[in-house]
Trainee: 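Okay, handing you the structure first.
These values consider heavy atoms only, across backbone and side chains, with no hydrogens, waters or symmetry-generated copies.
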Amino acid sequence: MSTKFTRRHLLRSTGAGLGMVGLSTTLAGASKPSPLAPKAPHFEPKAKHVIHLFLNGAPSHVDSFDHKPQLAKFDGQPYPGGNLRTERKTGALMKSPFEFAPQGQSGIPISEIFPQLGSVIDRCLVINSMHTDVPFHEPSLFMFNCGQRIAGHPSYGSWLTYGLGTENQDLPGFVVLCPGYPVVGPQLWTSAYLPGVYQGAYVRNAEIDPAKLVPYLRNANQSMHAQREQLDLLGRLNAIHLEREGSAPQLEAAIHSMEVAFRMQAEASDAFDVRLEPEQTRARYGEGDFAQGCLIARRLVERGVRVVQVYYGNMQPWDTHDDIQHMRKLAARSDGAMAALIEDLDASGLLDETIVLIGGEFGRTPTVEIAGVTKLHAGRDHNNHGFSVIAAGGGFRRGVRYGATDEFGFRAVEDRVHVRDLHATMLHLLGLDHERLTYRHSGRDFRLTDVEGEVKTDLIG
């Protein structure tokens, strides 16, 4: 009786076969380089880290960082361009209830509800000409986080750790802080078709004790030595499985995740414990999960984490359809923390190599909303045609107001910057060519900026 042997069968049954030679290397202690190990950029970078302070729900730019005196002059009158193409029906122009004043030596006008951010505005670039594709939260959140309007694509944090790795192998390379979930949730920090090891590590920052902040961080039943022996044995078994069955990306991602989780026991307790900060420092950041998230973000970047995203809160807190006055409370809980983060990074020299982004997924209309579920007609609808983002550090220009919307703040008209342009520019500052950072999937090369995106050199200092 004849037996058909494949090459795999041969390698399995031959003790001195090439397969066992490769496996013996693994069993002897050698291992493949970590996929999160630091990697060389395409060219010399200006930045090494990103901290994204995401004001989910979309703050109104005309009530924060894009001063429009014409709104006060023509308050209550129809918008000259006719009906605005937004999500809901809107009415007349509505002036901002907040006063604006020039801040810093640059004289950039900032709303009164952001006094602390105004005090550090000379260290920031205010981009007043952002625009995106559609006026709906979900596709705009996907666009800002993943470079596409639909789900199923990697977040920019995953792209960055895929392209650059991370400096600290004892902490995740990409950390997401949110007390619950924003709209869409984990798909905003997914690795999608990139290897799973590049997925964002979600931390529910509703607690202050690291033991609760990062649950099950320490094994209460086994010593570090016992855990190490257990992981080493599991690693050998996994290596045998991979040698026998071939590549298994999900298994390999799980292996690396377990290794990072093990090493985090030694460093995460310190990195996530804001109680170790002086009381005066904690007071500068303020109270609440967003303030705590800003402080943790600084501590993580100080330890070499590549990307940290801090969401303002659950769902979409900045979605002010009903009453724009609600922004005053939201700003009061975030203004001090954002300013303190920029101040601390600048004082330590880390701002030079850390990009800090502040903003939401789109802006809001200069007109009052008069439709939908609103009962009080004092809010603003979604606006994808024009909005503002603040960028500080990492090679962005300082003390500059870039681009402009029209006289009422509806549409970006001067030096327009699409979200994909911002992504391309961020990657450039981090030493990556957005057209070369690709991944082969389903028969084509994908990239963060798809087939668009332009490096806006005017944004770079």
Side-chain angles (χ1 to χ4, degrees), residues 55-101 109-114 126-141 144 183 312-313 315-335 358-390 403-414 416:
L55 308 184
N56 38 307
S60 169
H61 54 296
V62 296
D63 297 290
S64 55
F65 312 123
D66 191 6
H67 182 38
K68 293 298 174 184
Q70 293 293 87
L71 279 183
K73 182 177 179 181
F74 294 96
D75 181 47
Q77 298 186 31
Y79 178 73
N83 292 331
L84 305 184
R85 294 186 62 186
T86 59
E87 183 187 40
R88 301 176 183 178
K89 186 177 180 180
T90 64
L93 294 167
M94 181 176 71
K95 69 177 182 180
S96 176
F98 314 125
E99 296 294 328
F100 280 73
I110 301 294
S111 171
E112 64 177 329
I113 63 176
F114 290 104
V126 180
I127 307 174
N128 286 144
S129 53
M130 293 294 304
H131 65 104
T132 189
D133 294 352
V134 291
F136 307 111
H137 291 290
E138 291 83 355
S140 293
L141 283 164
F144 216 111
V183 172
Y312 183 87
M315 299 303 287
Q316 45 200 42
W318 292 84
D319 197 20
T320 49
H321 286 284
D322 290 334
D323 188 0
I324 205 66
Q325 285 281 3
H326 187 52
M327 276 187 58
R328 188 183 293 276
K329 296 179 181 178
L330 296 167
R333 299 178 190 137
S334 57
D335 178 45
I358 300 173
E361 61 268 36
F362 43 60
R364 308 202 80 85
T365 60
T367 50
V368 65
E369 181 176 328
I370 58 174
V373 298
T374 60
K375 296 180 181 179
L376 175 67
H377 296 323
R380 303 187 191 276
D381 191 23
H382 305 167
N383 179 14
N384 63 294
H385 301 286
F387 64 105
S388 299
V389 165
I390 288 180
T405 51
D406 60 52
E407 59 181 344
F408 299 111
F410 175 62
R411 188 184 304 275
V413 294
E414 180 183 325
R416 288 159 50 86

Trainee: Do you know the tightest heavy-atom contact between D323 and T320?
Mentor: O-CB, 3.9 Å

Trainee: Roughly how far, to the nearest 0.5 Å, is the OG1 atom of T365 from the CG atom of L93?
Mentor: 9.5 Å

Trainee: Run the side-chain contact (heavy atoms from CB on, under 4.5 Å) test on I358 and L55 for me, step by step, so that the C-alpha distance in whole Å, both residues' side-chain angles and the decisive distance to 0.1 Å come before the verdict.
Mentor: CA-CA 7 Å; I358 300 173; L55 308 184; 4.1 Å; yes

Trainee: Which pair of non-hydrogen atoms, one from F408 and one from P366, has the smallest distance, and what is that distance?
Mentor: O-CB, 3.1 Å

Trainee: For the residue pair H321 and H382, categorise the inter-ring angle as parallel (less than 30°), tilted (30 to 60°) or perpendicular (more than 60°).
Mentor: tilted

Trainee: Within the supplied structure, the quantity of interest is the number of heavy atoms (other residues, nucleotides, ligands) at a distance under 6.0 Å from E99 CD; does it exceed 12?
Mentor: no

Trainee: Could you tell me the separation between the CG atom of D63 and the CZ atom of F98, rounded to the nearest 0.5 Å?
Mentor: 5.5 Å

Trainee: Which heavy atom of A72 sits nearest a heavy atom of K95, and at what distance?
Mentor: CA-CB, 3.6 Å

Trainee: Please answer whether the main-chain N or O of L330 pairs with a side-chain N or O of Y312 as donor and acceptor at a distance below 3.5 Å.
Mentor: yes

Trainee: So, for F387 and G360, which heavy atoms are closest and what is the spacing to 0.1 Å?
Mentor: CE1-O, 3.9 Å

Trainee: Would you confirm whether the ring centroid of H385 sits within less than 6.0 angstrom of the ring centroid of F410?
Mentor: yes

Trainee: Say you draw a straight line from OG of S64 to CG of D335; how long is it, rounded to the nearest 0.5 Å?
Mentor: 11.5 Å

Trainee: If you measure only the distance, is there a donor-acceptor pair under 3.5 Å linking the side chains of S140 and N384?
Mentor: no

Trainee: Whether the N56 and H137 side chains hold a donor-acceptor pair (N or O, under 3.5 Å, no angle test) is what I'd like checked.
Mentor: no

Trainee: On a heavy-atom basis, which atom in A404 and which in S129 lie closest, and how many Å separate them?
Mentor: N-CB, 3.6 Å

Trainee: About how many Å separate CG of D406 and OH of Y79, when rounded to the nearest 0.5 Å?
Mentor: 4.0 Å

Trainee: Any idea which heavy atoms bring H61 and G409 closest together, and the distance?
Mentor: NE2-O, 2.7 Å

Trainee: Is it true that a side-chain atom of E361 and a backbone atom of G57 form a donor plus acceptor pair closer than 3.5 Å?
Mentor: yes

Trainee: Using 0.5 Å steps for rounding, measure from the CG atom of L71 to the OG1 atom of T367.
Mentor: 9.5 Å

Trainee: With side chain to side chain contact (heavy atoms under 4.5 Å, CB included) as the test, pick out the partner of P97 among R328, M327, Q325.
Mentor: Q325

Trainee: Determine, stepwise, if the pair V62 / R364 fulfils side-chain contact (heavy atoms from CB on, under 4.5 Å).
Mentor: CA-CA 8 Å; V62 296; R364 308 202 80 85; over 6 Å; no

Trainee: In Å and rounded to the nearest 0.5 Å, what is the CD1 to CD distance from I110 to E112?
Mentor: 12.5 Å

